[in-house]
Amino acid sequence: MSRNWAGNNHHDRLDCCGGLDNVDYSKMELTLMEEFLKHINFHDSSFCIAVIAIIFNPFFWNVVARWEHHTRALSRLFGSPYLACYCLGFVIILLNVYRSHSITVAMKAQARWEMLDSACVFYTGAALMALGTLLVASSFLALGFIGTFLGDYFGILMDEKVTGFPFNITENPMYWGSTANYLGLALIGASPVGLVLTAVVAVCYKVAVRFEGPFTEHIYRERNRHSKHE
């Protein structure tokens with residue numbers, strides 16, 4: 001008889017509130033990731049344009065620079081490898097300005113996230129932008145215009161590898177400084193879509209580095225081999 005009572009009591013506990021079938025899962029608290037994604041419209045045209053601009057830029061300058069290295073077509077067209085490099089660098093600057101513009105437009109078009117809308121996050125973003133600007137500016141000063149904008153691919157080679165600041169901190173300070181700038185901008189704007197676009201920038205730069213690094217080393221190995229033969 002005690003077994004029957006225990007069994008009935010167990011059955012009653014399971015049926016309390018109608019059992020699990022009556023639980024309203026829609027009222028359960030959203031996870032952090034779900035809350036984050038809720039603020040992003042991946043079908044928004046400004047988001048799509050920003051993603052295309054981010055992906056296109058490193059693809060463009062790698063394809064054009066390698067084509068120039070193999071054919072010297074731009075150097076012949078402009079009559080000088082220096083002038084050709086300056087022109088490509090100017091185009092790259094314009095593309096990067098448009099990329100930054102498209103990211104800003106996408107951030108303004110989509111919702112802010114209250115969780116990021118705090119003084120602590122704002123000042124963290126400002127610090128990241130200051131760090132990113134420092135890395136980009138010091139990298140440009142160390143390499144010069146020609147070195148920054150793929151002069152190696154035009155046959156304009158540096159005498160030796162730059163190893164001072166900021167290259168003694170990170171091998172690709174221009175790329176990671178730019179990424180830090182976009183991350184800082186997203187945090188200042190409390191923008192979830194800005195964080196996603198920053199991640200796209202980082203991935204594109206990571207892929208670009210895997211192609212650019214070995215190819216640049218190949219160019220300098222060729223130079224050294226020719227120098228030995230001479």
Side-chain angles (χ1 to χ4, degrees), residues 49-105 129 132-182 200-230:
I49 290 171
V51 170
I52 291 171
I54 291 168
I55 295 173
F56 176 77
N57 283 15
F59 175 79
F60 168 80
W61 69 60
N62 272 283
V63 169
V64 172
R66 288 197 182 210
W67 173 64
E68 162 64 17
H69 175 73
H70 291 301
T71 67
R72 296 291 183 246
L74 291 177
S75 295
R76 291 197 303 270
L77 176 65
F78 289 98
S80 163
Y82 288 89
L83 182 57
C85 184
Y86 275 111
C87 288
L88 177 61
F90 181 68
V91 172
I92 292 173
I93 290 172
L94 290 179
L95 287 173
N96 286 341
V97 168
Y98 179 75
R99 176 184 62 185
S100 298
H101 170 72
S102 65
I103 290 174
T104 303
V105 169
M129 291 195 72
T133 301
L134 174 64
L135 289 175
V136 170
S138 57
S139 174
F140 182 82
L141 291 174
L143 294 175
F145 191 96
I146 296 292
T148 298
F149 293 104
L150 306 166
D152 319 88
Y153 292 70
F154 291 81
I156 310 169
L157 306 183
M158 305 184 77
D159 293 332
E160 57 186 15
K161 186 176 181 179
V162 178
T163 56
F165 181 83
F167 292 90
N168 57 354
I169 296 177
T170 175
E171 192 171 350
N172 298 281
M174 184 72 71
Y175 285 170
W176 304 128
S178 177
T179 304
N181 280 336
Y182 288 125
V200 177
V201 170
V203 169
C204 286
Y205 278 155
K206 189 71 174 177
V207 172
V209 166
R210 292 180 67 86
F211 284 94
E212 292 174 9
F215 195 77
T216 302
E217 291 175 2
H218 168 71
I219 291 173
Y220 280 91
R221 279 198 305 269
E222 280 189 339
R223 192 272 301 272
N224 293 337
R225 187 164 58 248
H226 291 318
S227 298
K228 287 180 180 178
H229 289 315
E230 293 174 359

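Residues: numbered from 1 along the sequence shown.
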Item to check | Side-chain donor/acceptor of Ser178 to backbone N/O of Tyr175, under 3.5 Å | outcome: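 Not a single qualifying donor-acceptor pair exists.
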
Checklist entry - So, the side chain of Tyr220 versus the backbone of Leu157: is there a donor-acceptor pair under 3.5 Å, distance only? => result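 The answer is no, because no donor-acceptor pair under 3.5 Å joins these two groups.
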
Once you round to the nearest 0.5 Å, how far does [atom1] of [X] lie from [atom2] of [Y]?
{"X": "Asn57", "Y": "Ile92", "atom1": "CG", "atom2": "CD1", "answer": "8.5 Å"}
{"X": "Met158", "Y": "Thr216", "atom1": "CE", "atom2": "OG1", "answer": "12.0 Å"}
{"X": "His218", "Y": "Glu222", "atom1": "NE2", "atom2": "CD", "answer": "3.5 Å"}

I'd like a table of donor-acceptor pairs (distance under 3.5 Å, sequence neighbours excluded) in which one partner is a side-chain atom from residues 137-150, with atom names and distances.
residue, atom, partner, partner atom, Å
Ser138, OG, Leu134, O, 2.6
Ser138, OG, Leu135, O, 3.3
Thr148, OG1, Gly144, O, 2.7

Next on the checklist: Tell me whether the count of non-hydrogen atoms from other residues, nucleotides or ligands lying under 6.0 Å of CZ in Phe165 goes above 12.
Outcome noted: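 Yes - once you tally the heavy atoms of other residues, nucleotides and ligands closer than 6.0 Å, there are more than 12.
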
Item to check | Phe211 CZ: over 12 foreign heavy atoms closer than 6.0 Å | outcome: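 At most 12 heavy atoms, drawn from other residues, nucleotides or ligands, come within 6.0 Å of this atom.
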
Partner set under side chain to side chain contact (heavy atoms under 4.5 Å, CB included) for [X], not counting sequence neighbours:
{"X": "Thr133", "result": "Asn181"}
{"X": "Phe60", "result": "Phe56, Val64, Leu88, Val91, Leu95"}
{"X": "Ser75", "result": "Glu68, Arg72, Pro81, Ala84, Phe154"}

Checklist entry - Does the side chain of Tyr153 come within less than 4.5 Å of Leu74's, by heavy atoms? => result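 Sidechains of Tyr153 and Leu74: no contact.
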
Checklist entry - So do Arg99 and Asn96 actually touch side chain to side chain, heavy atoms under 4.5 Å? => result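 The answer is yes, as the side chains (C-beta and beyond) meet within the 4.5 Å cut-off.
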
Looking at every heavy atom in both [X] and [Y], which two are closest together, and how far apart are they?
{"X": "Val209", "Y": "Pro214", "value": "O-CD, 3.8 Å"}
{"X": "Glu212", "Y": "Arg66", "value": "N-NH2, 4.4 Å"}
{"X": "Arg76", "Y": "Thr71", "value": "NH1-O, 2.6 Å"}

Next on the checklist: For Ser100, give me all partners under side chain to side chain donor-acceptor pair (under 3.5 Å), at least two apart in sequence or on another chain.
Outcome noted: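 For Ser100 the side chain to side chain donor-acceptor pair (under 3.5 Å) partners, ignoring immediate neighbours, are Tyr182.
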
Item to check | Listed partners of Trp176 passing side chain to side chain donor-acceptor pair (under 3.5 Å), at least two apart | outcome: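 For Trp176 there are no side chain to side chain donor-acceptor pair (under 3.5 Å) partners, ignoring immediate neighbours.
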
